[in-house]
> 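The structure under discussion is supplied below as structure tokens; questions concerning it will follow.
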Amino acid sequence: MMEKIVLHDKTFKPFIPYAKLEAAIDSVARRINADYEGSKDIPILLCILNGSVMFTAELMKRLNFDLQLVSMKLSSYSGTQSSGVIKQVMGLTSPVNGRRVIIVEDIVDTGNTIVELKRILEEQGASDVKICTMLLKPEVYDKPVKLDYVGMEIPNAFIVGFGLDYDELGRNYKDIYVIDQ
Ligand code: IMP
């Protein structure tokens, strides 16, 4: 792990090493496998671009039932703050009508994104929607929507790495770093 990283005008320090993320992903995958193994339908794994690419790839490798990978791209963050306005930058790459969907998110913060996503998927006719997130900021999350699979809970701080960015930088680091105030 790097001692410090600098992205744009901010410095970040080590926070969650990759080994810890792997253990959390193992545990989430075990729970999802237990719920979906042996099912007759083909559930959709919905990767929310760009943030959850790394998590989705790691998670998929560990799932041992037939699934279909679908993506869509949303954006709500600008800089280090959630704007509260969710933009659909790219729609669903396949229809979800009549299908069971597992949303794969990198992080749930205010929950605005998850609420909007659930609404879109139900409107598009998904038969069931489950939410899987690598990380959750429980101090900020205030929505009534149940989070079905959570990898790890973290305090309310701005982080980068493992897919997460600060103005598009930092996604490629395999460990997670936190802002150094
Ligand atoms: P929410 O809508 O407030 O729950 O925010 C969810 C989205 O904001 C995530 O999918 C991320 O893309 C982004 N986000 C939230 N917290 C962080 C963070 O600490 N670092 C980088 N991106 C974040």
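Everything numeric here is computed off the predicted structure, so don't read it as measured data. Position 1 is the first residue of the sequence; numbering continues from there. Counting starts at 1 for both ligands and their atoms, following the listed order.
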> Where on S52 is there a heavy atom closer than 4.0 Å to ligand 1, on the side chain, on the backbone, on both, or on neither?
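Answer for S52: neither.
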
> Taking 4.0 angstrom as the limit and counting only heavy atoms of E105, give me the atoms of ligand 1 inside it, by number and element.
10 (O)

> Is the contact between D106 and ligand 1 made by the side chain, the backbone, both, or neither, using heavy atoms and a 4.0 Å cut-off?
side chain

> At their closest point, which heavy atom of K13 faces which heavy atom of K4, and how far apart are they?
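Distance-wise, the nearest heavy atoms are CB-CE, 4.2 Å.
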
> Check ligand 1 against D165 and write out every atom of the ligand that is under 4.0 Å from a heavy-atom position of the residue.
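Once the distances to D165 are compared, the set is 21 (C).
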
> For T93 and S71, indicate whether the former's side chain and the latter's backbone hold a donor-acceptor pair under 3.5 Å.
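At least one qualifying donor-acceptor pair exists.
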
> Do Y18 and E58 have side-chain atoms, one donor and one acceptor, less than 3.5 Å apart?
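Judged by distance alone, the side chains do pair up.
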
> For residues V160 and I154: do they belong to one hydrophobic cluster (side chain heavy atoms under 4.5 Å, members Ile, Leu, Val, Met, Phe, Trp, Tyr)?
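V160 and I154: separate clusters.
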
> Counting each atom of ligand 1 from 1 as listed, which ones have a heavy atom of T113 under 4.0 Å away?
1 (P), 2 (O), 5 (O), 6 (C)

> Are the side chain of T11 and the backbone of D180 linked by a donor-acceptor contact shorter than 3.5 Å?
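Not a single qualifying donor-acceptor pair exists.
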
> Can you list the ligand 1 atoms lying under 4.0 Å from a non-hydrogen atom of A157?
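Counting atoms of ligand 1 from 1, those under 4.0 Å from A157 are 19 (O).
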
> If you measure from atom 3 (O) of ligand 1 to every heavy atom of I176, T110, I86, I159, which option wins on shortest distance?
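When every heavy atom of I176, T110, I86, I159 is considered, T110 comes closest to atom 3 (O) of ligand 1.
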
> If I apply the N/O under 3.5 Å rule, does G111 come out as touching ligand 1?
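Yes; at least one N/O pair falls below 3.5 Å.
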
> Of all the atoms in ligand 1, which lie at a distance below 4.0 Å from a heavy atom belonging to K137?
16 (N), 17 (C), 18 (C), 19 (O)

> Evaluate L164 for polar contact with ligand 1, using N/O atom pairs at a separation under 3.5 Å.
no

> Could you check whether the rings of F158 and Y166 sit parallel, tilted or perpendicular, using 30° and 60° as the cut-offs?
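Perpendicular.
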
> Do you reckon I179 sits in the same ILVMFWY cluster as Y177, going by side-chain contacts under 4.5 Å, direct or chained?
yes

